[in-house]
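One structure below.
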Amino acid sequence: MDDNAASPEATARFPDGRLLPVGPATTVGELLATWSADRAPRFLAGLWDGRPVDLSFRPGATGTLAPLTFEDRAGWEILQHSAAHLVAKALVEAVPEARPTHGPPTADGFFYDFDVRPLTPADISEVEAGMRRSIERREPFVRREVPRAEAERLFAANPHKLRYIAETPAGETISVYDTGSFTDLCRGPHVPDTHWLEGVHVLGFSATEPEAPGRPPLQRIRGVGFPSRTELAQFLKLRAEAAARDHRVLGQRQELFLFDERAPGFTFWLPNGMILVRELERYVTEHLRRAGYSEVRTPLAFRRSVFEISGHWEHYRENFFVSEADDDEYGWKPMNCPGAMLIFGSRPRSYRELPMRLAEFAPLHRREASGTLHGLMRVREFVQDDAHLFVTDEQIGAEIAVLLAWIREACATFRLDYAFELSTRPASSLGDTADWEKAEAALRQALEANGAAYRASPGEGAFYAPKIDIHLKDSLGRPWQTGTIQLDYQMPRRFGLQYQAPDGTLRTPAVIHRTILGSWERFLGVLTEHVGGRWPPWLAPVQVTVLPVTDRQGEAATAIAAELTSAGLRAKAGASDATLPKRIREAELDRVPYILVVGDKEIADGSLSLRIRGSKAPRSISRAEFVAYATAKVRNREFEP
RNA sequence: GCCACUGUAGCUCAGUCGGCAGAGCGGCUGAUUCGUAAUCAGCAGGUCGGGGGUUCAAGUCCCUCCAGUGGCUCCA
């Protein structure tokens, strides 16, 4: 190395303002270790002049330097990406003909896609073993910058890598990383060695859509990485707990709903689940009344011609359930909009009728692809808390502000974390650009005017309108779209809807399609996992269980349950067919909010022994006090019992 | 819809080399009458997802269909 290559006064400036000299051969790792020896073991890469670099990088010039740890997003991504290399190395060792394609970090881990025959669980076991071997050997990630021709020679057998090389702009450095005997084309940077990947875990494997039509599908291995086994163990523990909260598990245990292969994707709501549905319905309906809505019910199926007007027949054909009758085709409605449009158009309308807010909770049918069905989260028949608002342009902002506030209020009631997403015009859509731009701008303005943070999702709008979606997460962190606000100029025009303005002219209203909770099905799926089956008292299918200590108090328990029932609570008297501790255990496992125990003592003094879910210590309470306490919790829709 | 995997009692699962279908929980019956997370005993419960094939013999091997699971694609 030529010592004259770097200027003698080159320095690195650290976040705290400290300066350290940079020699021609000084590495980022050495600089960081000098800067903070005690924290250095956590540094997995550096930021040189704001650019992520390997610890082995030799800047040889003046610049700024900051450390990257696993706790930094960029550092986290470097570890995930390094883990992807490790997976690729292990798979190529196990299946030499496998051709790696790309392996990026994702929102919650990493994957690596391979051009290879379909993988099997045995392959994955071998991959895991190979990863462990490499980790034990502590193999360094070694960066090499190579000429284009050299890179092409290295990856001559892998057309995917050759394509990436060809796509690299002329003049850009081509780098590869060696890990033991494995070499991958990669911009880097990486963790220093495979020992950093002790906490890497393979989560699963599957096929992906082919890169191009006609090509075979790629095989994807997914995983997640942590810098230590302890952190991985913690993650796996949380994951196991999340799996126990899976709404499909709880739905069975609590007898909320069931599915049957003779109606795949169609929900059977059991008595307990139906209580949840009705309570949610009531919750939403109370809002509707206050917010000036009218409720309607329109046909479940329409002649095909209606969907040709709405555009669904052209843009949504593959999702229709279709029936034939009287020499015509009927589509089962996948959305409520056509019915609302026909109502609005059924007679002349005045501007005085706007905003006209028509709500409809009707079953909708969508023939979703079979492989996408997922418990309550994705079904083929569902009911939305749906409404269509017919508005003038001037009314749009105020209506959407109310909706945004409403969604936030609902999420607060359920203590749900939510995220707004603004989805704009998709590739396949109706109408002209000007309408779309106007609608997209109106939604954007509404979000910004109401201080709602949002993520932009270009091209993800409905075929007829841009939309603001609400995303909630399930127990494993997978996002699900629930509420939606769509601003539509197309459908009212296609249905020829008009109202007479104050100046006597006929104008076309805009339509806001919106749901607050989304569908009962998906919302309850998310909510089941969110509360882990511990329903807020107002939703709990059984709110109170009254347990007699012995047979002697059986009648008293029945009488108390009846009294609570007439006070409006969902109360059940338990039998004395098992020991009291056993029956308490069963009620606790059923997550009943309130357990009342009645023995001779309670009968003597007219009190109740109350055990509130979440607190093991029972307390004595009078009947009147308990009724007041529990009914207030229910009436106020409090989250905790 | 695509790829892989899975499907045995109401639930969770075991079932070896192809050779009589099993356990725990739950249910029912009886005993026990119990004070805040599992009392004891007995009994019942099966088209081994459906169909076809190989075999003396199939839960087990092969083919096929269905459903579910995890991803992909797509969406409330």
Side-chain angles (χ1 to χ4, degrees), chain A residues 111 113 116-124 203-210 216-222 243 246 248-249 252-253 255 258-265 316 318-319 334-336 364 366-386 423 426 460 462 467 469-472 476 478-484 486 513-523 525-526 547-554 575-590 595-602 609-611 615-619:
Chain A
F111 66 78
D113 284 348
V116 64
R117 58 157 170 85
L119 297 176
T120 65
D123 295 325
I124 299 304
L203 288 169
F205 64 102
S206 65
T208 67
E209 279 295 286
L218 298 176
Q219 301 292 314
R220 172 167 299 182
I221 300 181
R222 293 180 314 115
D246 189 308
R248 292 164 297 186
V249 173
Q252 181 176 273
R253 151 115 202 123
E255 296 196 43
L258 61 84
F259 289 96
D260 186 291
E261 64 179 72
R262 285 161 289 190
Y316 209 72
E318 68 282 6
N319 280 322
M335 302 171 188
N336 289 311
L364 304 177
R366 300 184 186 177
R367 209 178 54 81
E368 302 290 358
S370 57
T372 65
L373 302 178
H374 181 95
L376 287 179
M377 303 295 201
R378 196 170 172 80
V379 289
R380 287 179 159 177
E381 179 191 72
F382 55 97
V383 179
Q384 293 179 328
D385 60 333
D386 202 6
S423 301
E460 295 297 315
K467 54 184 187 164
D469 286 332
I470 291 80
H471 291 261
L472 304 176
L476 287 175
R478 293 174 290 207
W480 294 95
Q481 184 194 317
T482 55
T484 185
Q486 310 176 348
H513 309 242
R514 108 290 175 282
T515 66
I516 304 299
L517 303 183
S519 68
W520 307 138
E521 285 76 10
R522 183 174 288 180
F523 186 80
V526 170
L547 298 177
V549 175
T550 72
D551 277 348
R552 290 193 305 280
Q553 300 87 21
S576 55
D577 54 349
T579 60
L580 182 64
K582 171 77 174 283
R583 288 175 283 140
I584 293 204
R585 175 184 152 80
E586 283 167 356
E588 287 283 356
L589 289 176
D590 287 343
I595 300 172
L596 295 174
V597 173
V598 185
D600 288 335
K601 188 162 77 66
E602 285 74 23
S609 172
L610 168 63
R611 186 179 160 120
S615 118
K616 289 191 189 329
R619 65 193 228 207

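Here is how names work: the chains are called A, B, and so on, in the same order as the sequence lines, proteins then strands, and each is numbered from 1.
- Scanning all heavy atoms of the two residues, the minimum distance from A:P548 to A:S576 falls at CG-CB, 4.3 Å.
- Both stacking criteria are satisfied for A:F382 over the base of B:A76: a centre-to-centre distance under 5.5 angstrom and an angle between ring planes under 30 degrees.
- Nucleic acid contact class of A:R522 (heavy atoms, under 4.0 Å, all strands): base.
- Donor-acceptor pairing under 3.5 Å, judged by distance alone, is present between the side chain of A:R378 and the base of B:C74.
- Rounded to an integer number of Å, the gap from CZ of A:F259 to C1' of B:A67 is 13 Å.
- Atom CD1 of A:I595 sits about 9.0 Å away from atom CG of A:L610, to the nearest 0.5 Å.
- Residue-level contact check: A:D600 touches the bases, meaning some heavy atom is under 4.0 Å from a base atom.
- Judged by atom type and distance alone, A:E586 does not reach the base of B:G26 through any side-chain donor-acceptor pair under 3.5 Å.
- Between the CD atom of A:Q219 and the P atom of B:C72 there is a distance of 14 Å, given to the nearest Å.
- Residue-to-nucleotide contacts include no donor-acceptor pair under 3.5 Å from the side chain of A:R552 to the base of B:C34.
- Among the atoms of the strands shown, base atoms are found under 4.0 Å from some heavy atom of A:E368.
- In this structure, A:R222 forms no cation-pi arrangement with A:F111, as its terminal cationic atom is not both closer than 6.0 Å to the ring centre and no more than 45° off the ring axis.
- If you take CZ of A:F111 and P of B:G71, they are 14 Å apart, rounded to a whole angstrom.
- Rounded to whole Å, the C1' atom of B:U39 lies 11 Å from the corresponding atom of B:U33.
- Note on A:R366: a base of the nucleic acid sits closer than 4.0 angstrom, heavy atoms only.
- The nearest pair of heavy atoms linking A:E460 to A:K467 is O-CE, 3.5 Å.
- A salt bridge is defined here as a Lys NZ or Arg NE, NH1 or NH2 lying under 4.0 Å from an Asp or Glu carboxylate O, and A:E368 with A:R378 meets this definition.
- Searching all strands for a Watson-Crick or G-U wobble partner of B:C40 with both distances below 3.5 Å returns B:G30.
- The C1' atoms of B:A44 and B:C63 are separated by 38 Å, rounded to the nearest whole Å.
- Shortest non-hydrogen contact noted between A:P118 and A:D123 is O-OD2, 4.3 Å.
- Note on A:G599: a base of the nucleic acid sits closer than 4.0 angstrom, heavy atoms only.
- Separation of atoms CG (A:D386) and NE2 (A:H513) is listed at 9.0 Å; rounding is to 0.5 Å.
- Counting non-hydrogen atoms under 4.0 angstrom, A:R248 reaches the backbone sugars and phosphates but no base.
- Summarising the base pairing, B:C13 is matched to B:G22 through a Watson-Crick or G-U wobble pair whose two defining distances lie under 3.5 Å.
- When the C1' atom is used for both B:G27 and B:U12, the distance is 16 Å, rounded to whole Å.
- A:P118 comes within 4.0 angstrom of sugar-phosphate atoms only, judged by non-hydrogen atoms across all strands, and of no base.
- From A:M377, atom CE reaches atom CG of A:L472 across 9.0 Å, with rounding to the nearest 0.5 Å.
- Taking atom C1' on both nucleotides, B:C11 is separated from B:G52 by 31 Å, rounded to a whole Å.
- Between B:A14 and B:U55, the two P atoms lie 31 Å apart (nearest whole Å).
- Going from atom CD1 of A:I221 over to atom C1' of B:G70 covers 14 Å, rounded to whole Å.
- As the counterpart of B:U6, B:A67 is assigned, both hydrogen-bonding distances of the Watson-Crick or G-U wobble pattern falling under 3.5 Å.
- If you check every strand for non-hydrogen atoms under 4.0 Å, A:L119 touches sugar and phosphate atoms only.
- Summarising the base pairing, B:G1 is matched to B:C72 through a Watson-Crick or G-U wobble pair whose two defining distances lie under 3.5 Å.
- Nucleotides B:C61 and B:G10 have their C1' atoms positioned 31 Å apart, rounded to a whole Å.
- The pairing partner recorded for B:C48 is none, the criterion being a Watson-Crick or G-U wobble arrangement whose two distances lie under 3.5 angstrom.
- Atom CG in A:L580 sits about 11 Å away from atom P in B:C34, given to the nearest Å.
- Backbone-only engagement by A:R478 is indicated by non-hydrogen atom pairs under 4.0 Å involving sugar-phosphate atoms exclusively.
- With the nearest nucleotide of RNA chain B identified for both A:E602 and A:T579, A:E602 has the one nearer the 5' end.
- Each of A:A369 and A:L203 has a nearest nucleotide on RNA chain B; the 5'-most of these lies closest to A:A369.
- Taking atom C1' in both B:A21 and B:U60, one finds a spacing of 13 Å when rounded to whole Å.
- Between B:U6 and B:C65, the two C1' atoms lie 16 Å apart (nearest whole Å).
- If you take NZ of A:K582 and P of B:U32, they are 18 Å apart, rounded to a whole angstrom.
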